[in-house]
Amino acid sequence: MTIEIAPSILSADFGILREQVQLVEDAGARIIHVDVMDGQFVPPLSMGPQVCEALRDMGLHLEVHLMVDRPETIQVETFAAAGAGTIIIHAEATPAVDYALELIRSHGCKAGLAVNPATPLSIYEEIEPDLALCMTVNPGWGGQSFIASSIEKITRLRAIVGDEVVIEVDGGVDARTAGLCVAAGASRLVAGSAIFGQDDPARAFNDILNAATIRN
């Protein structure tokens, strides 16, 4: 199983965003995670499609995590046009999950489905996304502590979706928790403050990747 680390720019210094992204790309990152928040599905507000447009020429895969209500109404189309390669929606954010995933695919993007820590995994028994995101903190804020019970949830998720679907983990991922997530069945790990909140983001990226790979 190939293990991927997706640095989240939520914790990056936006005054030197391209430079920070270049640091992790030089360290081996091929995916950048873009957290989008609308102030409704989660209380904070964050970045818009202009951030994707600013990074799209760097050649990295832009993974957009839509923490927004009713993403199918405008956000999917907007971020696909801005350069997203993967768009992730939340199961809790729309009654039209299947329609939203197919809309994402119709714009040429991989379709991801996220669930919050308290959300049951049963939706994955009905719908098969390209990527299943297991939130290991409550969404909306960076720097939270990893919810320990998530390890067992990741294991159950892998049993449901099988070997072909990417399982991503987001929240509290660092060099300590990365290996635990991979051992449970995760194949892609999102890390924000554990990378961009450090003095040396490139070294932090490699520390997490090495910790994850050892357990693979």
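The figures here come from the full heavy-atom set of this structure, side chains too, leaving out hydrogens, waters and symmetry mates.
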Is there a side-chain hydrogen bond (donor to acceptor under 3.5 Å, both in side chains) between Asp35 and Ser46? Walk through the geometry before answering. CA-CA 7 Å; Asp35 287 305; Ser46 69; over 6 Å; no
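Between Glu164 atom CD and Asp130 atom CG the span is 11.5 Å, to the nearest 0.5 Å. Rounded to the nearest 0.5 angstrom, Ile31 CD1 and Leu60 CG are separated by 9.5 Å. For the atom pair Ile9 CD1 and Leu62 CG, the distance stands at 8.0 Å (nearest 0.5 Å). Taken from CE in Met135 to CE in Met67, the straight-line distance is 6.0 Å, to the nearest 0.5 Å. From Leu131, atom CG reaches atom CG of Leu113 across 9.0 Å, with rounding to the nearest 0.5 Å. Note that CG of Leu121 and CZ of Arg156 are 5.0 Å apart. Values are rounded to the nearest 0.5 Å.
Follow the hydrophobic side-chain contacts under 4.5 Å out from Ile167 and you reach Ile3 in the same cluster. In the hydrophobic clustering of this structure, Leu189 groups with Leu10; members are Ile, Leu, Val, Met, Phe, Trp, Tyr whose side-chain heavy atoms approach within less than 4.5 Å, directly or through other members. In the hydrophobic clustering of this structure, Val115 groups with Ile154; members are Ile, Leu, Val, Met, Phe, Trp, Tyr whose side-chain heavy atoms approach within less than 4.5 Å, directly or through other members.
Pro49 has its side chain out of reach of Gln75: every pair of non-hydrogen atoms, C-beta onward, lies at least 4.5 Å apart. With contacts defined as side-chain heavy-atom distances shorter than 4.5 Å, the pair Met37/Val68 does not qualify. You'll find the side chain of Ile88 reaches within 4.5 Å of the side chain of Glu168, heavy atoms only. At least one side-chain heavy atom of Leu55 sits less than 4.5 Å from a side-chain heavy atom of Val51. With a 4.5 Å cut-off on side-chain heavy atoms, Thr86 and His61 count as touching. Between Thr136 and Pro117, every side-chain heavy-atom pair lies at or beyond the 4.5 Å cut-off. The shortest distance between side-chain heavy atoms of Phe14 and Met47 falls below 4.5 Å. Counting heavy atoms from C-beta outward, Pro139 and Asn116 have side chains that approach closer than 4.5 Å.
With a 6.0 Å radius and a threshold of 12 heavy atoms from other residues, nucleotides or ligands, Gln22 has its CD atom above the threshold. Within 6.0 Å of the OH atom in Tyr99, the count of heavy atoms belonging to other residues, nucleotides or ligands does not exceed 12. Other residues, nucleotides and ligands place no more than 12 heavy atoms under 6.0 Å from the CG atom of Asp163. For Glu77, the CD atom sits in a loose shell: 12 or fewer heavy atoms of surrounding residues, nucleotides or ligands are nearer than 6.0 Å. The local environment of CD in Glu125 is crowded, with over 12 non-hydrogen atoms from other residues, nucleotides or ligands closer than 6.0 Å.
In this structure, the side chain of Arg30 engages the main chain of Glu25 through a donor-acceptor pair within 3.5 Å. Judged by distance alone, with hydrogens and angles left aside, the side-chain atoms of Arg158 form a donor-acceptor pair with the main-chain N or O of Gly162 at under 3.5 Å. Checked by atom type and distance alone, the side chain of Asp174 pairs as donor or acceptor with a backbone atom of Thr177 at under 3.5 Å. A distance-only check finds a donor-acceptor pair linking the side chain of Thr213 to the backbone of Leu209 [under 3.5 Å].
In this structure, His90 and His65 have parallel ring planes: the angle between them is below the 30° cut-off, well short of the 60° mark.
When all heavy atoms are compared, the tightest approach of Ala111 to Leu101 is CB-O, 3.6 Å. In terms of heavy-atom proximity, Ser11 sits nearest to Phe196 at O-CB, 3.5 Å. Summarising the geometry of Ala114 relative to Glu92, their closest heavy-atom pair is O-OE1, 4.0 Å, with the distance given to 0.1 Å. Across every non-hydrogen atom of Glu72 and Ala96, the tightest pair is OE2-CB, 4.2 Å. Of all the heavy atoms in Phe146 and Cys181, the pair that sits closest is CE1-SG, 3.6 Å. Nearest heavy-atom pair across Ala84 and Ile87 is CB-CG1, 3.8 Å.
In summary, Asp170 and Arg188 do not engage in a salt bridge, as defined by a charged side-chain N under 4.0 Å from a carboxylate O. Under 4.0 Å is where a charged nitrogen must lie from a carboxylate oxygen, and between Glu102 and Arg105 at least one such pair does.
With Pro71 as the fixed residue, the side chain to side chain contact (heavy atoms under 4.5 Å, CB included) test singles out one of Ile104, Leu103, Thr94, Asp38: Thr94.
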